[in-house]
Amino acid sequence: MVDRVATWIRAAERVVVLTGAGISAESGVPVFRGAGGLWRQFRPEDLATPQAFARDPSLVWEWYLWRRELIAAAQPNEGHRALARLAARRAGVTLLTQNVDGLHRRAGSEAPIELHGNLWRVRCTSNCGYAALDDEGGPPRSQLRCTCGAWLRPAVVWFGEPLDPTTLDAASVAAEAADVLLVVGTSAVVYPVAALPHMARRRHARVVEINVDETPLSSEADVVLRGPAGELLPALERAL
Ligand code: BV8
């Protein structure tokens, strides 16, 4: 199966890769759903929302600062690195990620489209326009309020918030133009991103799922490579 996917990629003009939390699992970054969920007794849907932040901004910041500490101590894995090398060795590769951990950039991916933002970026909750990119290796952020007095927030997309329209548009155009779409390490349940593989398939893309588990996308995929991304992506790279 890996060889068949490699043949499709070699023949493809445009390859799109969509990643989710599963590609960072082998770096020790917990996934959102399923075993080893993210934090204490909370569910991501309880914390990654504007309502949760309005109710208790300190708690939500505590969660993000905990995740930042975990991610700063993590290293990109062979799955991240194989994707970075794939885009470096040939044209026409677009990387879309739902992850906010920044590990694709640290692995060398030049311009991943971060559909749900990046937890190292902050922005002011008022319209004063303040925004900043914190240094991943730097000291934990202690300044949680803007100079204008309003709360700062992680520049990520919470549940119930719209994705940046330009970003979503670029991702949709890429998915619809894809000859091959690799869907890696996502439970394929979070919309609107979960609609992208179906949009790609309706056009002409070969859809390949790389995941350790079954997902709602599995039955729609042309090929399912069942296993860890940190092994399957390097295996795919070797077969190219
Ligand atoms: C929107 C950023 C509309 C923050 C995230 C009710 C109320 C409100 C909204 C909704 C609702 N019902 C439905 C919705 C829509 C909602 C949604 O889809 N909810 C789901 C849960 C049903 N979507 C939204 O709210 C979106 N916005 O709809 O706005 C709108 C429009 C206009 C105006 C106003 C509003 C926003 C969604 C974005 C939310 N933000 N993250 C943060 O990270 O802190 S989502 C979060 O889930 C992460 O980004 C994550 O990446 C994403 C998807 O999860 P996955 O990446 O798939 O991770 P998961 O753990 O689920 O799965 C991991 C997979 O990896 C598993 O399959 C596992 O088997 C696999 N795996 C594990 N190890 C490995 C592996 N695979 C390979 N190798 C391994 N080693």
Side-chain angles (χ1 to χ4, degrees), residues 17-39 42-53 59-68 70-71 74 76-83 95-104 112-123 153-169 171-172 182-198 208-219 221 224-236:
V17 186
L18 170 63
T19 64
I23 196 167
S24 296
E26 289 157 272
S27 295
V29 179
V31 294
F32 273 78
R33 293 161 191 87
L38 260 175
W39 193 51
F42 295 100
R43 294 181 321 129
E45 284 78 9
D46 299 334
L47 288 169
T49 70
Q51 295 77 6
F53 190 76
L59 175 71
V60 174
W61 261 115
E62 196 186 337
W63 180 46
Y64 279 95
L65 293 175
W66 171 77
R67 286 172 67 189
R68 281 187 170 194
L70 212 67
I71 291 161
N77 62 57
E78 279 313 301
H80 296 107
R81 296 191 200 289
L83 291 180
L95 174 59
L96 311 174
T97 187
Q98 300 171 89
N99 299 342
V100 297
D101 57 28
L103 287 179
H104 281 302
I113 296 181
E114 295 176 318
L115 298 162
H116 292 157
N118 184 313
L119 60 66
W120 296 103
R121 291 185 190 286
V122 297
R123 62 180 170 83
R153 62 167 280 178
V156 299
V157 180
W158 282 329
F159 288 101
E161 292 187 321
L163 277 66
D164 170 72
T166 312
T167 304
L168 183 56
D169 194 47
S172 306
L182 303 180
V183 184
V184 186
T186 180
S187 57
V189 295
V190 176
Y191 284 81
V193 172
L196 294 175
H198 303 287
V208 179
E209 179 179 68
I210 295 178
N211 199 312
V212 292
D213 280 343
E214 189 88 12
T215 75
L217 181 65
S218 302
S219 56
V224 172
L225 301 179
R226 187 66 71 226
E231 290 171 23
L232 286 169
L233 286 171
L236 185 54

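Given the structure is predicted, the values throughout are model-derived calculations rather than measurements. Each ligand, and each atom within it, is numbered from 1 in the order the structure gives.
- In this structure, CD in Glu214 is found 7.5 Å from CD in Glu209, a value given to the nearest 0.5 Å.
- Under a 3.5 Å cut-off, the side chain of Arg123 and the backbone N or O of Pro154 do not form any donor-acceptor pair.
- Under a 4.0 Å criterion applied to the non-hydrogen atoms of Ala25, ligand 1 contributes the atoms 73 (N).
- Applying the 4.0 Å criterion to heavy atoms of Glu26 picks out, from ligand 1, the atoms 78 (N), 79 (C), 80 (N).
- Residue contact check: Arg67 has heavy atoms under 4.0 Å from atoms 42 (C), 43 (O), 44 (O) of ligand 1.
- With a 4.5 Å cut-off on side-chain heavy atoms, Thr186 and Thr215 do not count as touching.
- Comparing Tyr64, Phe159, Trp158 by heavy-atom distance to atom 44 (O) of ligand 1, the nearest is Tyr64.
- The closest non-hydrogen atom to atom 68 (C) of ligand 1, taken over Asn211, Leu233, Val184, comes from Asn211.
- With ligand atoms numbered from 1 in the order given, ligand 1 contributes 55 (P), 56 (O), 58 (O) to contacts under 4.0 Å with heavy atoms of Ala21.
- Annotation for ligand 1: atoms under 4.0 Å from non-hydrogen atoms of Gly20 are 56 (O).
- The option from His116, Arg43, Glu214 that lies nearest to atom 49 (O) of ligand 1, judged by heavy atoms, is His116.
- Near Asp213, the atoms of ligand 1 lying under 4.0 angstrom from a non-hydrogen atom of the residue are 69 (O).
- Within ligand 1, the atoms closer than 4.0 Å to a non-hydrogen atom of Asn99 are 51 (O), numbered from 1 in the order shown.
- Contact annotation: Gly160 has at least one heavy atom less than 4.0 Å from an atom of ligand 1.
- For Arg153, the salt bridge (charged side-chain N to carboxylate O under 4.0 Å, His left out) test picks out Glu161, with sequence neighbours left out.
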